Peer 1: 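Have a look at this one before I ask anything.
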Protein chains: 2
Amino acid sequence: MSKTFDFYFDLGSGASYLAWRRLADLEAQTGARAVQKPMLLGGVFKATGNASPMAVPAKGVYVGRDLARFAARHAIALQTNPHFPINTLVLMRAVTALLDTDHYAPFVTHAFNAIWRDARNLNDPAEAAAMIKGAGLDPVALLAEADTPAVKDRLKATTQEAIDRGVFGAPTFFVGDEMWFGQDRMDWVAEALKR
Amino acid sequence: MSKTFDFYFDLGSGASYLAWRRLADLEAQTGARAVQKPMLLGGVFKATGNASPMAVPAKGVYVGRDLARFAARHAIALQTNPHFPINTLVLMRAVTALLDTDHYAPFVTHAFNAIWRDARNLNDPAEAAAMIKGAGLDPVALLAEADTPAVKDRLKATTQEAIDRGVFGAPTFFVGDEMWFGQDRMDWVAEALKR
């Protein structure tokens with residue numbers, strides 16, 4: 001049985017984007033497979049009393065700078081999105097709808113890039129539909145599936161599972177029951193997976 | 001002229017304690033000298049709208065775990081202080097009173113160890129006096145000096161300077177105008193100092 005680790009994320013989180021872009025490297029480096037856990041960060045914030053770092057202006061400025069530094073270190077294109085925050089409810093339902101399909105990883109990459117590399121305004125339904133189309137999928141069909149009770153419930157369940165395990169932000173990693181928060185803890189995750 | 005970096009901290013911050021314990025290594029590794037900036041973290045929180053991570057229970061649990069991991073990695077003794085949070089106003093005034101004296105560094109080490117290694121309750125004036133005595137200083141004389149307008153104003157000025165420079169938490173480092181927040185960014189500070 002091969003090793004796994006859990007990866008909780010939300011498309012609206014810039015730190016999740018950096019983690020996503022480095023996920024394949026982490027898997028290759030450790031021989032472990034990421035178990036995908038798309039969650040709704042807004043739901044996590046609401047349940048835990050946490051908030052986006054952007055809620056504290058001085059922290060928001062710094063976190064932007066910090067992400068840019070890590071992006072440069074890992075040669076990942078990153079742009080400040082002037083449309084932040086993006087309401088990711090529908091997008092995360094779409095991601096959830098694609099779990100266990102071959103479209104999942106390419107779609108997540110495409111959506112992350114749209115927000116964090118290309119600074120697109122996915123709050124605008126037309127832009128969101130164009131993004132889905134750009135990923136080679138049918139926006140009408142995907143959004144219809146994203147709106148089904150099964151998909152909504154699955155996203156809710158993953159979000160609740162995260163909250164129950166102590167998650168308060170994104171991205172969050174688990175190796176067994178050991179939790180690490182943040183793209184800046186991926187070296188710790190790698191170390192744990194190599195033990 | 002030798003290189004310097006600014007080190008803003010508060011005794012009540014566990015992350016500041018870890019940074020303090022690694023400060024001499026950072027100086028030795030880079031040949032740069034830390035400019036000491038004792039500040040009042042409570043004042044920074046009030047001005048910026050930031051709060052202790054402990055204000056969000058799930059985050060508080062994780063941050064405790066995170067600090068313990070870094071403490072273990074760097075072989076630093078760290079204990080959860082059941083008397084947290086410690087009101088550090090008087091202590092930080094005492095630290096400020098000792099700036100530019102030979103007593104400064106030994107006292108800061110002693111006070112940090114009392115809180116974060118020995119889990120002492122420095123909210124209790126008797127315990128605080130015993131701690132000062134244990135550092136080889138006269139509690140009555142030091143606390144009298146800590147209560148002078150010159151010392152109070154100097155702590156206020158350092159705190160305001162921190163806020164004006166974008167500080168929102170502790171510890172915070174500056175190399176020139178470049179800022180890093182957190183004991184987990186000391187590798188970045190070292191890298192900047194070596195450039």
Side-chain angles (χ1 to χ4, degrees), chain A residues 8 15 39 41 43-74 159-189 191-192 195, chain B residues 8 15 39 41 43-74 159-175 177-192 195:
Chain A
Y8 291 87
M39 67 176 183
L41 184 56
V44 170
F45 282 167
K46 204 171 167 184
T48 58
N50 200 13
S52 164
M54 305 299 156
V56 173
K59 197 190 275 189
V61 169
Y62 174 77
V63 166
R65 183 88 193 84
D66 191 57
L67 291 181
R69 284 173 179 151
F70 276 92
R73 175 178 276 186
H74 299 292
T159 304
Q160 188 59 49
E161 175 191 287
I163 294 161
D164 292 344
R165 295 182 81 180
V167 171
F168 57 89
T172 297
F173 301 84
F174 284 87
V175 176
D177 287 331
E178 275 261 58
M179 173 176 131
W180 289 267
F181 164 66
Q183 57 85 26
D184 56 349
R185 293 295 184 270
M186 291 177 82
D187 57 330
W188 291 83
V189 176
E191 204 175 272
R195 273 200 294 264
Chain B
Y8 291 87
M39 66 175 184
L41 184 56
V44 169
F45 282 167
K46 204 171 168 186
T48 59
N50 199 14
S52 163
M54 306 299 155
V56 174
K59 197 191 275 190
V61 169
Y62 173 76
V63 166
R65 184 88 194 85
D66 190 57
L67 291 182
R69 284 173 179 151
F70 276 92
R73 173 177 277 186
H74 298 292
T159 304
Q160 188 58 51
E161 175 191 286
I163 295 160
D164 291 344
R165 295 181 82 180
V167 171
F168 58 88
T172 298
F173 301 84
F174 283 87
V175 176
D177 287 331
E178 275 262 58
M179 174 177 131
W180 288 268
F181 165 65
Q183 58 85 25
D184 57 348
R185 293 295 184 270
M186 290 177 82
D187 57 330
W188 291 84
V189 176
E191 205 175 272
R195 272 200 294 264

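Every chain is numbered from 1, with letters handed out A, B, ... down the list of sequences. Model, not experiment: these values are computed from the prediction.
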Peer 1: Give, as side chain, backbone, both or neither, the part of Arg65(B) having an atom under 4.5 angstrom from any heavy atom of chain A.
Peer 2: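 When you check distances to chain A, only side chain atoms of Arg65(B) fall under 4.5 Å.
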Peer 1: Do any of residues 160-172 of chain B come closer than 4.5 Å to chain A, heavy atom to heavy atom, and if so which ones, in number order?
Peer 2: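 Answer by number: Gly166(B), Phe168(B).
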Peer 1: Give the member of Met179(B), Arg69(B), Glu178(B) that has the highest number of heavy-atom pairs under 4.5 Å with chain A.
Peer 2: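 Greatest number of close heavy-atom pairs with chain A: Arg69(B).
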Peer 1: Return the OG1 to CG distance between Thr159(A) and Leu41(A), rounded to the nearest 0.5 Å.
Peer 2: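 Those atoms lie 9.0 Å apart.
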Peer 1: For the rings on Trp188(A) and Phe181(A), is their centre-to-centre separation under 6.0 Å?
Peer 2: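 Between Phe181(A) and Trp188(A), which both carry aromatic rings, the centre distance is not below 6.0 Å.
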Peer 1: Assess the residue pair Val175(A) and Trp180(A) against the criterion (side-chain contact (heavy atoms from CB on, under 4.5 Å)); give the C-alpha distance rounded to whole Å, side-chain angles, the decisive distance to 0.1 Å, and a yes or no.
Peer 2: CA-CA 9 Å; Val175(A) 176; Trp180(A) 289 267; 3.8 Å; yes
Peer 1: Of all the residues in residues 45-64 of chain A, which have a heavy atom that comes within less than 4.5 Å of a heavy atom in chain B?
Peer 2: Thr48(A), Gly49(A), Asn50(A), Val56(A), Pro57(A), Ala58(A), Lys59(A), Tyr62(A)
Peer 1: Between Glu191(B) and Arg185(B), does the salt bridge (charged side-chain N to carboxylate O under 4.0 Å, His left out) criterion hold? Intermediate values first, please.
Peer 2: CA-CA 10 Å; Glu191(B) 205 175 272; Arg185(B) 293 295 184 270; over 6 Å; no
